[in-house]
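One structure is given below, encoded as structure tokens.
So you know, we letter chains A, B, ... as the sequences are listed, proteins then strands, and number each from 1.
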Amino acid sequence: DGGITQSPKYLFRKEGQNVTLSCEQNLNHDAMYWYRQDPGQGLRLIYYSQIVNDFQKGDIAEGYSVSREKKESFPLTVTSAQKNPTAFYLCASSIWTGLAKNIQYFGAGTRLSVL
Amino acid sequence: AQTVTQSQPEMSVQEAETVTLSCTYDTSESDYYLFWYKQPPSRQMILVIRQEAYKQQNATENRFSVNFQKAAKSFSLKISDSQLGDAAMYFCAYRRGGDKLVFGAGTILRVKS
């Protein structure tokens, strides 16, 4: 089945630790996105990538890093510089043609908590 | 910068009845898309419906329809014959060509049996 797989479903981070969230898609989509969701707020864009080996910062990139070495994969690292990492993280992908109509499809998310 | 506002943090509807969720947005662009996404308790985001700004006809998908008022920058979602499975958080989102999705804060919809 085609789709977006995020792992793990739950993740715990200790103080000063970097953790990496996985996102894999088999939809052959060019673009991939990472969002953060906090209670009472909508999704906020962390990073996005339109093509392999290229990515751009979103609205809240500080304390996060990404890589895009393969089309199918877009891992997100939450670094120790992110002082408030507890949130729900969603990965999405879409065809990239620069057109607004392109639908973003989402994974099931990862819940990150600080120990 | 574009903003999306959902003024109803929470709504309730009786099963089989109709409910309307509100959304307003701010933009100076003339060509863009608007979306409604549903997030059930599983937290999976699911596209409900989308509307192209240049189309005057309101989009419909089965029991879901929108009331798109471009001049008023309003994009409400109507759910007819509400079902228990419609209970979820609903997000309104805006996007213009080649640009990111901008989400509202969401509306929790509760369906009473």
Taking side chain as everything from C-beta outward and backbone as N, CA, C, O, which of these in Y37(B) sits under 4.5 Å from a heavy atom of chain A? Side chain, backbone, both or neither. side chain
Taking side chain as everything from C-beta outward and backbone as N, CA, C, O, which of these in Q6(B) sits under 4.5 Å from a heavy atom of chain A? Side chain, backbone, both or neither.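 Answer is neither: Q6(B) stays 4.5 Å or more from chain A.
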Would Y94(B) and Y32(B) count as a close aromatic pair, with their ring centres under 6.0 Å? yes
The single option from Y105(A), F74(A), Y48(A) passing ring pair (Phe, Tyr, Trp, His ring centres under 6.0 Å) against H29(A):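 Exactly one pass, corresponding to Y105(A).
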Pick one of side chain, backbone, both or neither for Q104(A), based on which atoms fall under 4.5 Å of a heavy atom in chain B. both
Should L90(A) and F103(B) be counted in the same cluster of Ile, Leu, Val, Met, Phe, Trp and Tyr side chains packed under 4.5 Å apart? yes
Please determine whether residues I46(B) and I108(B) belong to a single hydrophobic cluster, defined as Ile, Leu, Val, Met, Phe, Trp and Tyr linked transitively by side-chain heavy-atom distances below 4.5 Å. no
Do other residues, nucleotides or ligands put more than 12 heavy atoms under 6.0 Å from the CD atom of E15(B)?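 Yes.
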Neighbourhood of chain B inside residues 108-115 of chain A, taking heavy atoms under 4.5 Å as contact: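 Contacts with chain B: A108(A), R111(A).
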Any donor-acceptor pair under 3.5 Å from Q51(B) side chain to L34(B) backbone: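 Checked: no pair found.
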Could you check whether any side-chain N or O of T27(B) sits under 3.5 Å from a backbone N or O of E29(B), counting only pairs where one atom can act as donor and the other as acceptor? yes
